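Report on the following structure.
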Amino acid sequence: MITEVASGVWRIADTCNVYLIVDDSLPEGERDAIAIDFGAGAALEHLDELGIRRISDVFMTHHHRDQAQGLPLAAQHGARIHVPPVERDLFDSVEQMWHGRQLDNDYTLRQDRFSLLASVAVDSTVPEYRTVRAAGVELRVLPTPGHTIGSVTYIMERAGQSIGFCGDLIYAPGKVWSLAATQWSYTQNEGPAMTVLSARILAREGVTHVAPSHGDFMPDAAHALELLAERMQHYVNSRRSYPWDLQARLDDPFVALTPHLLLNRTSISCSYVLLSDSGEALDIDYGYDMTTGLPPGQERAARRPWLASLPALRHHYGVTAITVALPTHYHDDHIAGMPLLRDVEGTQLWIPENVAPVMADPWREDLPCQWYDPIHADRVIALDEPFTWNEYTLTAHAQPGHTLYAVAYSVEVDDTRVVFTGDQQEGLGGRDGRRDIMNYQYRNLFQLGDYRKSAALYRQIAPGLLASGHWEPRWVDDEYLRYLEQAAEEVDALHEQLLPLEAVGIGPDGQAARIFPYRARTTVGSEKTYDIDVFNPLPHPAPVRITPILPLGWRTYEASIDLDLDSREGARVHLSVIPTSAGERQRIAIDVTIGDLRLGQHAEALLTVTEAHR
């Protein structure tokens, strides 16, 4: 069935509602159309009767199969396919999900299994918070998670109407097509809570009409969305031990620590905003804004950055621009939203010199919590050298501990010396007699002495306030600084008791050799060069032999690499590999012997090899 729901907008009943939109200023027969979602492809059967020459572009609201199963037909038709950025992998690389999806003892409830059965080529991802134009039609793209994590709404202005093509965010006033789709993780409420926020955000955009993927066209969008937000809020509260005021989170997500320093209380890691008298703002860390929780899964479609707190920042604090963002370290919960800030707000990313290489090349090292894409610095900040932003002078100090590649920032704000510490300590704040603990993770390359260094740094700076990455900010006194010094000594002493450091001085991270890059791509027959860092952990000089272990038939110039190292000395050597077969994430390794210490195939790297194009 075909229904014209607005001027030049036809709804095609298919496995979902497919909306064909044309530039209605053109005569019939000269019009191209765009499609919002594609269903099973039934829209292709009706182009002639609608006076449409072709569908030039398809814009997907989310990845579910009922929206997308006809996309191979759209590609054959010649249409360009545009998808939400968070969910691209579930369109053009969906085999990775099917091959890697956990099937046994699975606690992930997101409906990733409702994805395409096979990949389809994607032309682009849609630019969230910005405008796209195709076939004479202009759409604004707004993130509206709820039905899926990556869902978007397309807003079109036409004939005095503001129409929101919202996928499955809403089915009818106060109703959703599926509650099951909103349950992303076991016993949690991330999706329903996100639905509340998305409904209110969409209403605040001034949308007058809602065009859902299932259900009827709704002319009173404000009423429909408000009723949905109210009912879904009751649903969220019914599954929590205490009410969750999502309206308050959206209205004012910030807590003023001082008149010019704000804490975003809605982000998964603490994001701080430094306010300038000029009206500009600077963010320290910006990961997952306005979060309702992180569902299981580390794939791209499980992680959603957005900018939901920014309207409140402008409304309550008069912010005119977020000009700079600074990361304390490279972990995704601290940086995931920074590329979006840059693309949408024009924010410059100033990144310390010890953090910038990891963010720019996340495949070089085998580190946890890295973002999916390279993030390059607009400005690289030198360590221990003060730099200015408007009326403030800040300094980035190396702060290894939680991770090797981290900094603490010091700055004077409202007559208070503040240090932003990232995730260095878990700030339990003395509640219930508990004390703060040192938040070290071995795969982050923690080493003995790291916490002594940070304790000495804080002593040197003498801050009035420590602003943590996940816990309540702490007003600092001398007693707390002494506690951090003692805790650092205890951390080192425990490791010295438990590890055979005198006989074999491999550090807490357990690595005497590493290969760089850890992940890479190349083609069959192309030479790939690796750096190998090796360290002699023995208390005496020793010969070192490094033997490459390669897939069958691969070639290398070095059957082994031999060198001599003094006690506790490190060196970097190079290894060239020539792959002779294609494959995903093929493994190479190095077998390491240091004196009488046989470490075996101690370090590995992953190389994806494709056939060379002729």
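Hydrogens, waters and symmetry mates are skipped; everything else that's a heavy atom, side chains included, is used. Treat the numbers as computed from the prediction; the structure is a model and nothing was measured.
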With sequence neighbours left out, what residues match D57 under salt bridge (Lys or Arg N to Asp or Glu O under 4.0 Å)?
R80
Do you see a donor-acceptor pair shorter than 3.5 Å between the side chains of H260 and D277?
yes
Cationic N near anionic O, under 4.0 Å, R300 to D373:
yes
Distance-only donor-acceptor check, side chains N264 and T266, under 3.5 Å:
yes
If we ignore angles and hydrogens, is there a donor and acceptor under 3.5 Å between the side chains of D112 and H63?
no
Just checking, any donor-acceptor pair under 3.5 angstrom between side chains of T258 and D414?
yes
Row check, F91 ring normal vs R88 NZ/CZ: under 6.0 Å, within 45°:
no
Have S468 and Q425 got a donor and an acceptor in their side chains that come within less than 3.5 Å?
no
Test your reading of the model: is there a side-chain donor-acceptor pair from T403 to the backbone of A406, 3.5 Å cut-off?
no
Is the cationic atom of R379 (NZ for Lys, CZ for Arg) positioned less than 6.0 Å from the six-membered ring centroid of W350 and within 45 degrees of its normal?
yes
Would you say the side chains of T144 and T153 form a donor-acceptor pair under 3.5 Å?
yes
Is the distance between the ring centroids of H470 and H402 under 6.0 Å?
no
Does a donor on one side chain and an acceptor on the other come within less than 3.5 Å for D37 and T61?
yes
Scan side-chain atoms only and decide if R231 and Y235 contain a donor-acceptor pair under the 3.5 Å cut-off.
no
Would you say the side-chain atoms of Q441 and N439 include a donor-acceptor pair closer than 3.5 Å?
yes
Donor + acceptor pair across side chains of T323, Q348 (<3.5 Å)
no
Between N17 and S213, is a side chain to side chain donor-acceptor pair (under 3.5 Å) present by the stated rule, with each step listed?
CA-CA 5 Å; N17 292 332; S213 287; over 6 Å; no
Test ring pair (Phe, Tyr, Trp, His ring centres under 6.0 Å) applied to Y409 - qualifying residues, sequence neighbours left out
none
Test item: side-chain donor near acceptor, E280 and T320, under 3.5 Å
no
Heavy-atom pair with the smallest gap, counting every atom of P327 and P352
O-CD, 3.9 Å
Between S309 and D289, a side-chain donor and acceptor under 3.5 Å:
yes
For H315, I'd like to know if atom NE2 has over 12 heavy atoms of other residues, nucleotides or ligands within 6.0 Å.
no
Are S185 and E190 close enough that a side-chain donor and a side-chain acceptor fall under 3.5 Å?
yes
Test item: side-chain donor near acceptor, H334 and D423, under 3.5 Å:
yes
So W389 and Y392, would you call those rings parallel, tilted or perpendicular, with 30° and 60° as cut-offs?
parallel
Stepwise side chain to side chain donor-acceptor pair (under 3.5 Å) test for E157 and S162
CA-CA 5 Å; E157 308 294 333; S162 179; 3.0 Å; yes
Are T148 and S151 close enough that a side-chain donor and a side-chain acceptor fall under 3.5 Å?
yes
Sort and list the pairs that fulfil side-chain hydrogen bond (donor to acceptor under 3.5 Å, both in side chains) and have at least one residue in residues 122-139, not counting sequence neighbours.
H82-S124, E128-R304
Would you say T108 and W184 are linked by a side-chain donor-acceptor pair, where the criterion is simply a distance under 3.5 Å?
no
If only side-chain N and O atoms count, and only distance matters, is there a donor-acceptor pair under 3.5 Å linking Y288 with D332?
yes
Please walk me through it: do Q247 and R200 pass side chain to side chain donor-acceptor pair (under 3.5 Å)?
CA-CA 8 Å; Q247 179 77 55; R200 295 198 184 281; 2.9 Å; yes
Closest heavy-atom pair and its distance - T291, I268:
CG2-N, 3.4 Å
Does either side chain, that of N444 or that of H331, offer a donor lying less than 3.5 Å from an acceptor on the other one?
yes
